Amino acid sequence: MRVTVLFALAGLASYTTPAAAESLDITVNVPRLSVAEYHRPYVAIWLEKPGMPSIRTLAVWYDHDMRNNEGRKWLSDLRTWWRKGGRSAQIDGVTGATRAPGPQRLTVPSSSLKGLAAGDYQLVVEAAREVGGRETVRMPITLGSKRSATARAEGKSELGAVIATVKP
Amino acid sequence: MKFRIALAAAALLSLPAAVQAHNAWILPSSTVLSGDESWVTVDAAVSNDLFYFNHNALRLDNMQVWRPDGSEAELENQNTGHYRSTFDVHLDQQGTWKIGFERKGIFGRYTLDGKQQRLPRGASADQLESLIPAGATDVQISENAMRNETFVTLGAPTETVFKPSGKGLEFLPVTHPNDLVAGEPALFRFIIDGQPAAGLKVVVTPGGSRYRNSLDQIALETNAAGEVSITWPQPGMYWLEAEAEDGNSTIPGATERRLGYVSTLEVMTP
């Protein structure tokens, strides 16, 4: 009986979730901009694929520690993320402070990938800067593959290179 | 002589349309908002160019604001100037808010002692009996009912404010009006007295007309289900107008009913 249960669980795991040990490391290069008034960008990072009921938000970097949650007022400036699911997402577990210019690393915990079926996804990074511009960078990544893989895409204005490595 | 009367009648009939030649609009400062609570400020004006206040203020007498739960909210910090009215709305509830007004009136004419007379502007249905003198002949009454609305959403969109009353021309969006993006089609449904408004003429005009040589209007007609699909050519504020005429007035003696619906819609960059 116990064997049967374990077997069933293993079967379930193989198609509903990628390998439990899977990790996703993302480096987002926040460009140094020579502008009169600079504020660090708000950044949202998420996974999406056609037919997915809702996007999976991996990180939101914003002024999360302001009085009365005032930093949330500008979350809708991350327009694409906001519309695709940010506006109805529970983000408490994935929020962090805004990041300074330079390479910024994010290690996505496996808990953030829980429940995602193995397969191809788009990793999307959106940056919106107060008194500045907005840019979205996207790249394909595969979850549940047996080999590790690195994807890379380059922003033009508000984002530099974005590099994502998936390890089984 | 007969010809001249006919001409006069035609001129008279075209008057309501001429009165409406200017566009009445309600322009919110934002339509998609985030945060625990927020504010929008709203301009309301009547003008030829969209969305520039250069003709008349739109009076706020009938303006109303509805929260996502259907309750009414205050119009705060009201002011009516020469060219525009303004007010603020404190968004203290998550979801989709409706801001707008309904205007009902009658147009009419009759013949008395061989002379054609017109009902005063702004006449209402309950005044009809006193407005039409005994002995009047050739009485023609037309009911006018129009709505002008806009929507703003704090947080995730909700649907409560779209619940139709079943009276007159109403907007029943299939695509949420605070979920519009350039290049993507939006599906809107219109109903008249609760039934699909088939064959309804819908015209959409992009804002910023002062800096264009053409209006760039998109003219559409609803299908049998009362639906139109609009693909937004670029982001920005749009003015949507739908108009219908029928004979289904509930006002006794009215032979014609004119229905109008106007909405200001914001289309975002993808």
Side-chain angles (χ1 to χ4, degrees), chain A residues 41-44 46 48 50 53-57 59-92 94-95 98 122 124-138 155-159, chain B residues 28-42 67-69 88-97 150-162 173-187 230-232 234-238 265-270:
Chain A
Y42 274 28
V43 174
W46 72 93
E48 63 177 46
S54 60
I55 62 163
R56 176 64 59 92
T57 301
V60 185
W61 300 339
Y62 76 106
D63 293 328
H64 68 300
D65 52 0
M66 284 174 79
R67 203 162 43 90
N68 301 328
N69 283 332
E70 276 168 24
R72 293 196 174 204
K73 180 178 177 183
W74 309 107
L75 279 178
S76 58
D77 284 355
L78 293 163
R79 289 190 190 294
T80 304
W81 171 74
W82 186 250
R83 174 171 185 249
K84 288 192 175 210
R87 64 194 180 190
S88 45
Q90 265 301 336
I91 58 168
D92 289 346
V94 292
T95 54
T98 54
Q122 288 279 317
V124 191
V125 180
E126 181 178 21
R129 187 165 50 88
E130 190 180 344
V131 213
R134 182 179 75 100
E135 186 171 33
T136 302
V137 165
R138 51 177 62 234
K156 290 186 177 73
S157 51
E158 300 295 333
L159 286 166
Chain B
S29 54
S30 301
T31 61
V32 177
L33 300 105
S34 57
D36 294 350
E37 57 172 341
S38 199
W39 289 78
V40 287
T41 189
V42 182
R67 287 192 184 84
D69 68 2
D88 296 337
V89 180
H90 184 189
L91 306 176
D92 54 11
Q93 203 175 89
Q94 300 282 316
T96 300
W97 293 59
T150 193
F151 307 94
V152 305
T153 296
L154 177 67
T158 55
E159 309 278 337
T160 321
V161 293
F162 305 122
V174 181
T175 305
H176 196 287
N178 294 142
D179 208 1
L180 308 177
V181 171
E184 285 185 22
L187 191 63
I230 306 170
T231 300
W232 312 96
Q234 74 261 336
M237 286 288 184
Y238 285 77
L265 301 166
E266 186 174 29
V267 175
M268 298 298 199
T269 50

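Letters A, B, ... mirror the listed sequences (proteins, then strands); counts begin at 1. Treat the numbers as computed from the prediction; the structure is a model and nothing was measured. The analysis underlying the following values was restricted to heavy atoms, covering all of them including side chains, and did not include hydrogens, waters or symmetry mates.
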> Charged N to carboxylate O below 4.0 Å: is that the case for B/Asp179 and A/Arg87?
Replying inline: yes
> When heavy-atom pairs shorter than 4.5 Å are enumerated against chain A, which of B/Thr153, B/Val32, B/Leu154 gives the highest number?
Replying inline: B/Val32
> Residue by residue, which of residues 67-74 of chain A have a heavy atom closer than 4.5 Å to a heavy atom belonging to chain B?
Replying inline: A/Asn68, A/Asn69, A/Arg72, A/Lys73, A/Trp74
>> Given heavy-atom pairs under 4.5 angstrom as the criterion, report whether the side chain, backbone, both or neither of B/Thr269 touches chain A.
In response: both
>> Could you check whether any side-chain heavy atom of A/Arg79 comes within less than 4.5 Å of a side-chain heavy atom of B/Pro270, counting everything from C-beta outward?
In response: no
> Do you know which two heavy atoms are closest between A/Ser76 and B/Ser34, and how far apart they sit?
Replying inline: N-OG, 3.0 Å
> What is the distance from atom CG of B/Leu33 to atom CG of A/Asp77, rounded to the nearest 0.5 Å?
Replying inline: 9.5 Å
